[in-house]
Amino acid sequence: MPFTKLGLSKPLLEGVQAMGYGEPTPVQLRAIPPALEGRDVIASAQTGTGKTAAFALPALQRLGHHGKLRCLVLEPTRELAMQVETSMRDLARFTDLKVSSVFGGVGYGKQRSALRDGIDVLVATPGRLEDHLQQGTLKLDQIEVLVLDEVDRMLDVGFLQPMKRIIAKCPKDRQTLFFSATLPPEIAQLAAWALRDPIRIEIGASRSVTSTVKHGVYVTDQGGKYGLLLALLEATEYDSVLIFSRTKHGADRIAKRLRASNHSVAVLHANRSQNQRIEALEGFKSGRYGVMVATDIAARGIDVAGVSHVINYDIPQHPEDYVHRIGRTGRAQRSGDAFTLVAHDELKKLAAIERFIGQKIDRLHLEGKNVPKQGDDAAPRAPKPEPRLDGRPSRPRRRPFRR
Ligand code: AMP
C-alpha cells in the first residue's frame with residue numbers, strides 16, 4: 001500500500017516524498033491509520049523499522065497548523081532526541097509546524113528562547129525537561145499527543161520515575177503513542193497505566209535479527225581480540241564501521257590503538273561532553289571518520305544511513321542488546337554485516353544470545369587470527385572458507401554433522 005492511501009495530508013505526503021521514502025514500512029502501515037483516528041498505540045518494533053515516522057506523521061497531522069506546544073516526544077538519550085527532532089522537522093518541512101528539542105549537556109539559553117518563540121512539538125529527554133518544568137519555562141497542560149519512545153531503554157537508564165512524573169503532568173484526555181523494542185512485565189504495567197484502550201502492534205519478533213543483516217561470530221582468546229579486530233578492519237572493505245565496547249574506558253582504549261594504526265576514529269560514550277558527542281556523530285555521518293567506537297547506551301537508536309559493518313568487540317551483556325546493536329546496520333532494507341568477537345569465556349553468553357534470537361549464529365574464521373580451542377563450539381576446522389575481503393564466507397558454511 002502506498003503512503004497516499006494512509007490518509008495523510010498533502011504537506012506531510014510531500015514531506016515523506018522529500019525524505020525519499022517509497023512505501024510505508026510495516027510499523028508505519030499498522031500504526032499510522034489507528035493513530036490518525038486518535039487511538040492510543042503500543043508498538044514493539046525493532047530499531048530501524050521506521051518507527052519515528054510511524055509516530056511523527058500522525059502526530060504532525062493532528063496538530064495541523066502552528067499554534068502552541070501540543071506534542072511531547074520523550075527520548076532516553078540526547079542523541080536520539082536530536083535525531084528524532086531532525087526527522088520530525090524534515091517530515092514537517094511543508095507545514096508551518098515548529099519542532100524543537102531540550103536535552104542535557106548544553107546551555108539553557110537557546111532552549112529557553114525556542115520555547116518562548118512558540119513551538120508545536122517538543123522532543124525531550126526527561127531530566128532536562130523536568131528542569132524546564134521546575135523553572136517554569138514550559139507547561140504540559142496543553143499536550144494532545146504524548147509519544148514515549150524507546151521505553152525499555154528509558155527504564156534501563158533509570159528514567160522510570162521521571163517519566164511517570166512527566167506523564168502525570170500531561171492532560172488525561174491526550175493521545176499516547178508508546179514504542180518499546182521489548183515489552184517485559186514492568187513495561188506492560190507502565191503501558192496499562194499510561195494508555196487508554198490501545199491498539200497493539202508487534203512488528204516481527206523483537207527477538208529477531210533484521211533479515212538484511214548477515215551476522216557471524218569469531219571465537220578467539222580475549223588477548224587476541226585487538227589483533228583480530230585490526231585484521232578484520234584491514235580485510236574488510238567498509239564504508240563505515242560501528243564498534244561496540246562494553247565500557248567507556250574500553251572504547252577509549254580501542255579508539256586510541258586504532259588511531260595509532262591510521263584509522264580515522266570517532267568515540268561516543270556518556271563521559272564525553274555534548275560537543276564531543278555531536279562532533280563524533282556528525283563526523284561519522286559525514287564520512288570524516290570511517291570508524292566509530294561506542295558504548296551501548298550512547299549508540300542506542302542512532303541512525304546513521306549506510307553503516308556497512310557493526311563489530312561487537314565485547315559480546316553484549318544482555319541478549320536483547322545483540323539485536324539492538326546489530327540493528328545499526330541493515331537499516332531500512334539496506335544490507336549490512338555484523339561480527340561479534342567472542343572470547344572463550346564468553347561462550348555462555350553467546351549461547352544465551354542464540355537461545356534468545358532462536359537461531360545459531362555462523363562461526364567465522366580469519367586465517368591465523370582466531371583459533372578456536374578444541375571442544376569449543378567454534379568454527380569447523382575443515383573445509384575452511386577462504387575469507388573474502390568483506391569478511392563474508394565464500395562458500396556456504398555448515399556445521400559439521402555430529403554423531
Ligand atoms: P527509525 O526506525 O525510525 O529510526 O528509521 C530507520 C531509518 O529508516 C531512517 O533512516 C528512516 O529515515 C528510514 N525510513 C523510515 N521510513 C522509511 C520508509 N517508509 N522507506 C524508507 N526508509 C524509511
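When reading the values below, keep in mind they use all heavy atoms of this one structure, side chains included, and skip hydrogens, waters and symmetry mates. Counting starts at 1 for both ligands and their atoms, following the listed order. From a predicted model like this one, the values you see are computed outputs, not experimental measurements.
When only modelled atom types and interatomic distance are considered, His309 and Glu237 share no side-chain donor-acceptor pair under 3.5 Å. Side-chain contact annotation: Asp131 with Tyr108, donor-acceptor N/O pair under 3.5 Å present.
Geometric assessment of Lys10 against the ring of Phe94 yields a negative cation-pi assignment under the 6.0 Å and 45° thresholds.
Taking all heavy atoms of Glu23, Met19, Lys51 into account, the minimum distance to atom 19 (N) of ligand 1 is reached by Glu23. Considering each of Phe3, Phe55, Tyr21, the one bringing a non-hydrogen atom nearest atom 14 (N) of ligand 1 is Tyr21.
Taking every non-hydrogen atom of Thr52 and a distance limit under 4.0 Å, the qualifying atoms of ligand 1 come out as 1 (P), 3 (O), 4 (O).
In this structure, Phe356 has its ring center no closer than 6.0 Å to that of Tyr322.
For ligand 1, the polar-atom distance check finds an N/O of Gly50 within less than 3.5 Å of one of the ligand's N/O atoms.
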